[in-house]
Amino acid sequence: CLVPAVPDGAGIVYVDSAVAVPGPGRSWGPALKYLSNATESAPTNTSIKEVHIAKGTYYATGDKSLLYADSAFVVTRPGLKILGGYSNGGGQLDRNLYPTILSGDIGLPADTSDNTNNVLVIKDVDDGADSLIIDGLTITAGKFIFDLNRIDQLYLAGGVNMNHVFANTVLRNCIITGNYGMICSALYISGPDAAYIDPSQIATPQIDHCIFKNNTAFPIPNFPAAYGSTCITTMASPRIMNSDFMDNNAISGGVLQNLEGTAVFYNCRFLRNSAEIFSAIYNQQDANSILVNCAILDNVNSGYKTPPSQDIADLFNNTIIGNENNSTCSLINTTIANNKNLINPGIHGPLIVNLTESASYITNSIIWGNTTNTIYDSLPSNTSKISYSLIQGLASDPASHILDGTLNVPVFADTVAGNYHLITASAGIDAGFNDSLISKVSAYLPGTTGSGLDLAGAPRIMDGVIDL
């Protein structure tokens with residue numbers, strides 16, 4: 001740490017890239033110039049309680065010209081708030097007006113060949129009453145390069161990496177954009193090795209009101225498997241709320257590739273993402289994803305580039321959600337619409353695929369207007385469960401409260417304009433089951449009362465009965 005950070009009497013350190021004469025950070029006047037000085041001081045100087053960061057672009061190397069690709073901003077302790085969005089010189093807080101950017105674009109501008117492998121690493125944050133809150137940052141231009149000769153690479157995302165952290169670690173009001181990675185572009189969440197034996201060590205961070213956009217996962221050279229997602233979780237059960245995933249490009253899992261954990265999405269939107277296969281979610285092994293009040297819209301499968309066989313390619317070419325090896329996906333009050341397949345236009349596989357002891361559970365949901373709308377279960381003994389839902393092409397089933405999806409009638413207000421509200425006369429109005437939503441909110445979203453809110457911010461249950 002070139003300049004040890006010194007907090008003021010309230011425990012606040014101030015950082016301003018535009019400061020004329022840098023100081024130790026005890027006020028905006030002698031603010032630190034480099035954020036890395038604050039993050040490097042915080043692990044041992046526990047008198048630092050908050051870091052306030054002014055508008056500007058900050059590099060883990062401090063000076064942009066220092067070419068250390070293994071540098072990253074590293075945060076390792078609770079009892080700390082790192083807050084961006086302040087005006088230069090301080091005094092005003094507005095995240096939109098005063099963007100605070102953490103960038104991996106060291107060296108030549110806009111030349112990704114010399115970027116840092118990771119931008120932000122959050123690791124080994126003890127569970128407890130004190131929180132770690134990271135708020136109001138834009139994280140961009142990390143580029144993770146996977147080395148097959150190194151088994152010690154723990155942080156696999158170009159953007160944000162969270163390892164061995166718990167529910168007291170919160171990432172909120174952040175934008176993760178323009179990151180790259182051979183395995184993972186935007187976000188990697190993992191538990192430690194001990195989590196395979198002790199489930200209490202599974203990573204459980206919270207992500208709230210964040211935007212993940214324009215991140216790109218690209219193939220590992222000479223690696224046969226389709227591997228690479230916008231977000232990857234392994235031995236992790238994050239809670240992701242009120243967040244958007246849009247315009248990301250991946251190999252397998254346009255938004256998420258999930259291994260051995262339960263990822264919960266609440267009030268999230270998956271928009272215009274693309275992947276070779278599984279343009280939304282791939283639950284790969286012993287993995288569960290739970291989507292409550294979510295929308296999966298306008299995503300695209302671009303085509304399996306290196307399939308093991310043509311049969312596999314035909315099975316996966318339209319799949320937006322894939323569950324494999326004892327995995328599940330639960331969709332509660334979730335809309336899946338207008339997702340497309342760009343390859344093999346005459347061969348359209350199922351929309352949701354469940355393989356090897358896997359299944360999907362769908363309630364209060366609508367699946368409509370996709371290239372296909374079918375659900376495939378590989379084992380007759382382990383089939384998906386559908387109730388209180390409307391699925392295009394699926395006939396009505398009064399016993400399971402499945403509405404008639406064989407009728408050629410409008411469902412949404414104006415999909416061309418992106419309005420997926422139900423039309424006034426829709427059969428989906430007041431057609432859901434309240435307890436399906438309330439039970440999931442109670443089980444997975446502590447602090448959210450009743451049925452919660454919908455994507456528009458209105459109460460989810462209106463007139464006594466929930467809509468689809």
Side-chain angles (χ1 to χ4, degrees), residues 239-243 262-270 280-281 283 288-297 320-321 323 328-339 351-352 354 359-370 373-375 377 383-407 409-413 415 419-445 448-468:
R239 189 158 68 244
I240 304 173
M241 303 163 288
N242 309 302
S243 295
T262 298
V264 177
F265 293 88
Y266 173 67
N267 274 13
C268 292
R269 300 188 302 170
F270 300 19
I281 294 175
N283 293 308
N288 311 290
S289 57
I290 298 172
L291 281 70
V292 181
N293 286 345
C294 291
I296 303 176
L297 310 172
I320 66 162
I321 297 175
N323 303 305
T328 67
C329 180
S330 297
L331 304 173
I332 303 95
N333 287 98
T334 290
T335 295
I336 301 177
N338 205 35
N339 300 284
L351 188 74
I352 299 173
N354 304 295
S360 297
Y361 304 96
I362 302 169
T363 188
N364 294 354
S365 295
I366 297 175
I367 299 176
W368 199 271
N370 306 285
N373 300 281
T374 54
I375 299 165
D377 297 311
T383 58
S384 296
K385 305 297 187 292
I386 304 169
S387 63
Y388 294 90
S389 294
L390 174 63
I391 299 178
Q392 188 172 17
L394 186 64
S396 65
D397 181 354
S400 297
H401 302 273
I402 297 172
L403 303 181
D404 191 352
T406 64
L407 303 176
V409 296
V411 174
F412 304 112
T415 59
N419 183 353
Y420 286 88
H421 289 90
L422 296 178
I423 61 173
T424 304
S426 171
I429 293 175
D430 295 339
F433 184 53
N434 292 359
D435 285 352
S436 294
L437 175 64
I438 293 171
S439 63
K440 284 292 190 285
V441 169
S442 175
Y444 293 103
L445 297 159
T448 301
T449 58
S451 62
L453 303 176
D454 64 15
L455 285 166
R460 193 60 184 87
I461 296 178
M462 301 286 286
D463 302 321
V465 180
I466 195 167
D467 298 339
L468 302 189

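We number each residue from 1, following the sequence as shown.
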> I need the minimum non-hydrogen distance between V409 and W368, along with the two atoms involved.
O-CZ2, 3.8 Å

> Can a donor-acceptor pair be found between the side chains of D404 and S396 at a distance below 3.5 Å?
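Short answer, no.
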
> Once you round to the nearest 0.5 Å, how far does CG of L331 lie from OG1 of T363?
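L331 atom CG to T363 atom OG1 measures 10.0 Å (nearest 0.5 Å).
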
> If you compare all heavy atoms of I429 against all heavy atoms of T424, which two are closest, and at what distance to 0.1 Å?
CD1-O, 3.2 Å

> Where do P459 and D454 come nearest, in terms of heavy atoms and distance?
O-OD2, 4.4 Å

> Can you name the one residue among N354, N323, T383 that meets side chain to side chain donor-acceptor pair (under 3.5 Å) with D377?
N354

> When you look at L291 and I332, which way does the side-chain contact (heavy atoms from CB on, under 4.5 Å) test go after all the steps?
CA-CA 6 Å; L291 281 70; I332 303 95; over 6 Å; no

> Apply side chain to side chain donor-acceptor pair (under 3.5 Å) to the pair T415 and N338, showing each step before the final yes or no.
CA-CA 8 Å; T415 59; N338 205 35; 5.9 Å; no

> If you count heavy atoms of other groups shown closer than 6.0 angstrom to CZ of R239, is the number above 12?
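Above 12, so yes.
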
> For F270 together with F265, are the ring centres under 6.0 Å from each other?
yes

> Could you pull out the closest heavy-atom pair between S289 and N283, with the gap in Å?
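Between these two residues, the closest heavy atoms are OG-ND2, 2.9 Å.
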
> Where do N370 and Q392 come nearest, in terms of heavy atoms and distance?
N-OE1, 4.5 Å

> Main chain of S365, side chain of N333: is a donor-acceptor contact present, judged purely on distance under 3.5 Å?
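No: the side chain of N333 does not pair with the backbone of S365.
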
> I375 and L351: side-chain contact (heavy atoms from CB on, under 4.5 Å), yes or no, with the steps?
CA-CA 6 Å; I375 299 165; L351 188 74; 5.9 Å; no

> Should the pair F433 and Y388 be assigned to parallel (<30°), tilted (30 to 60°) or perpendicular (>60°) ring geometry?
parallel

